[in-house]
Amino acid sequence: MTATRMPRAPRSAARPNRQAAHRLALLESMLRVRRFEERCVELYSAARIRGFMHLYIGEEAVAVGVNEALRDDDAVVSTYREHGHALARGVPAEAIMAEMFGKVTGCSRGRGGSMHLFDAGRRFYGGNAIVGGGLPLAAGLALADRMTGRNRVTCCFFGDGAFAEGEFHETANLAALWQLPLLLVCENNLYAMGTALSRHQAQTDLALRAAGYGMVSWAVDGVFAVEDAARKAAEGVRAGTGPHFLEMHTYRFRAHSMYDPDRYRDKTEIEHWKERDPVEGLARRLREAKELTDKARTALEDRLASEIDRAVEAADQAPEEPAEDLLKYVTSPEVSRP
């Protein structure tokens with residue numbers, strides 16, 4: 001039997017379709033992060049999620065744009081504000097929600113909670129409660145790749161507050177000195193906890209400061225600009241030109257953490273940044289380009305709501321770790337010696 005070939009669209013017609021599909025995929029990823037965290041707020045308020053929780057709402061363009069530029073065998077090191085990074089990396093919502101609930105089916109077996117998400121299979125190495133604590137870990141991963149000749153990128157996310165930590169300066173210096181395949185992504189949301197950037201840094205141009213270590217550095221704003229810059233930076237790192245630094249101009253709409261009364265920011269400043277909401281800004285752009293209809297947006301929202309509902313239900317039903325297993329993985333197993 002002769003196979004019937006479907007007519008192939010001209011490249012000029014196919015390419016815009018691929019680009020439109022990609023833009024819709026970016027919106028879906030950003031909305032997934034936003035809706036997941038909004039549900040987490042509800043669950044935290046109902047005491048179903050406990051401990052500390054730091055929300056990423058407003059910063060979704062960074063996680064989604066950067067992860068679009070990374071490969072499956074690249075590594076990602078994150079911060080305590082990492083739900084968005086994990087979701088964008090492909091860690092399932094069910095595994096993250098179970099971790100938030102402290103259940104054994106969580107990505108860290110329920111032992112890490114909100115600040116310590118981990119997925120070795122996806123090369124997602126935390127989740128770190130220490131400001132700047134992921135930076136030396138990322139340098140170690142990048143050094144291992146360099147020493148073994150693996151052409152991989154280690155991407156490390158951190159906030160502007162990490163510039164006040166020695167870990168940043170030590171890591172930046174060694175990364176440049178040893179030409180490590182490291183992509184440093186600074187999420188500059190203008191506040192280190194409750195301290196404005198201008199009150200803790202004499203030079204607020206963080207990309208300029210990073211360039212002082214001899215690495216390629218530039219500042220970025222907007223989801224498409226983020227993805228484009230991250231691709232260029234990752235290509236540069238892979239080409240052996242050493243570490244690259246990206247300063248992402250962003251803003252968190254919510255307080256530093258769920259315990260933070262957020263009295264250090266003027267409400268008009270928050271509203272100003274909400275007018276630049278990356279999620280709704282992208283949705284508006286797609287509607288204007290007739291790439292997103294109201295019906296399609298509703299269908300997308302319904303699909304994501306169902307996905308998150310399933311994650312919550314699975315977390316509710318998942319078992320807690322048995323008490324007899326609590327010492328597992330705390331120490332290395334004994335090795336019998338001859």
Side-chain angles (χ1 to χ4, degrees), residues 62-79 82 85 88-90 118-128 130-188 201-221 225-250:
V62 179
V64 171
V66 170
N67 273 282
E68 284 293 320
L70 300 177
R71 298 176 183 172
D72 290 345
D73 61 342
D74 292 334
V76 174
V77 180
S78 187
T79 69
E82 89 275 35
H85 302 151
R89 185 62 180 167
F118 188 92
D119 190 324
R122 291 174 175 82
R123 304 205 74 217
F124 184 79
Y125 299 116
N128 196 307
I130 306 301
V131 174
L135 284 157
L137 300 178
L141 289 166
L143 177 60
D145 284 337
R146 181 174 179 270
M147 293 177 70
T148 55
R150 294 185 292 247
N151 189 20
R152 303 195 297 202
V153 173
T154 295
C155 173
C156 184
F157 292 95
F158 56 98
D160 54 282
F163 262 80
E165 302 292 333
E167 289 95 336
F168 169 75
H169 301 282
E170 294 162 357
T171 298
N173 181 60
L174 287 177
L177 183 66
W178 294 341
Q179 291 291 280
L180 299 182
L182 185 61
L183 174 56
L184 297 171
V185 179
C186 177
E187 297 179 305
N188 181 4
Q201 295 294 325
Q203 171 56 267
T204 58
D205 187 335
L206 304 184
L208 178 64
R209 290 190 64 192
Y213 284 101
M215 67 179 77
V216 179
S217 308
W218 67 95
V220 189
D221 188 6
V226 167
E227 182 183 1
D228 183 59
R231 287 191 188 281
K232 291 177 180 176
E235 289 169 4
V237 171
R238 255 183 261 281
T241 58
H244 284 53
F245 176 96
L246 298 177
E247 178 189 356
M248 302 298 185
H249 290 166
T250 186

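This chain uses plain numbering: 1 for the first residue, then up along the sequence.
- A salt bridge does not link Arg209 with Asp205: none of the charged nitrogens is closer than 4.0 Å to a carboxylate oxygen.
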Given Leu143 and Leu174, is the side-chain contact (heavy atoms from CB on, under 4.5 Å) satisfied, shown in steps? CA-CA 10 Å; Leu143 177 60; Leu174 287 177; over 6 Å; no

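- For the pair Leu137 and Asn128, the minimum side-chain heavy-atom distance is below 4.5 Å.
- Remark: Glu227 pairs with His22, Arg231 by the side-chain hydrogen bond (donor to acceptor under 3.5 Å, both in side chains) rule, at least two apart or across chains.
- Interatomic distance, Gln201 CD to Asn188 CG, rounded to the nearest 0.5 Å: 9.5 Å.
- The nearest pair of heavy atoms linking His85 to Ala63 is CD2-CB, 3.6 Å.
- Between the side chain of Thr241 and the backbone N or O of Ala239, no donor-acceptor pair lies under 3.5 Å.
- We find the CG-CG distance between Asp73 and Asp145 to be 8.5 Å, quoted to the nearest 0.5 Å.
- The two atoms that bring Pro243 and Ala175 nearest to each other are CD-O, 3.4 Å, heavy atoms only.
- Between Glu170 and Leu135, the closest side-chain pair of non-hydrogen atoms is not below 4.5 Å.
- Between atom OG1 of residue Thr204 and atom CG of residue Asp160 there is a gap of 10.5 Å, rounded to the nearest 0.5 Å.
- A donor-acceptor pair is defined here as one N or O able to donate and one able to accept, closer than 3.5 Å; such a pair exists between the side chain of His244 and the backbone of Gly242.
- Smallest separation of non-hydrogen atoms from Glu247 and Leu206: OE1-N, 3.4 Å.
- Residues Asn173 and His169 have side chains not in contact (no heavy-atom distance under 4.5 Å, counting atoms from C-beta outward).
- Taking the side chain as every heavy atom from C-beta outward, Met248 and Val66 approach each other to under 4.5 Å.
- Looking at Val153 and Arg71, their side chains never come closer than 4.5 Å, going by heavy atoms from C-beta outward.
- Heavy-atom minimum distance, Thr171 versus Pro136: OG1-N, 3.5 Å.
- Ring orientation note: the planes of Phe168 and Phe245 are nearly perpendicular, at an angle over 60° on the 30°/60° scale.
- One finds the CG atom of Leu180 at 10.5 Å from the CE atom of Met147 (value rounded to the nearest 0.5 Å).
- Relative ring orientation between Phe163 and Phe158 is described as tilted, the plane-to-plane angle lying within the 30° to 60° band.
- Residues Gly134 and Val77 come closest through the heavy atom pair O-CG1, 3.5 Å.
- Side-chain contact between Tyr125 and Phe118 is present, with at least one heavy-atom pair separated by less than 4.5 Å.
- Cys156 SG to Leu141 CG: the interatomic distance, rounded to the nearest 0.5 Å, is 9.5 Å.
- Listed by chain and residue number, nothing satisfies the side-chain hydrogen bond (donor to acceptor under 3.5 Å, both in side chains) test with Arg89 (two or more places apart in sequence, or in another chain).
- Scanning both residues, Glu187 and Thr250, for their nearest heavy atoms gives C-CG2, 4.2 Å.
- The local environment of CG in Leu177 is crowded, with over 12 non-hydrogen atoms from other residues, nucleotides or ligands closer than 6.0 Å.
- Proximity of Asp74 to Leu183: side-chain heavy atoms (C-beta onward) are nowhere separated by under 4.5 Å.
- Remark: Thr154 OG1 to Leu70 CG distance equals 10.0 Å, nearest 0.5 Å.
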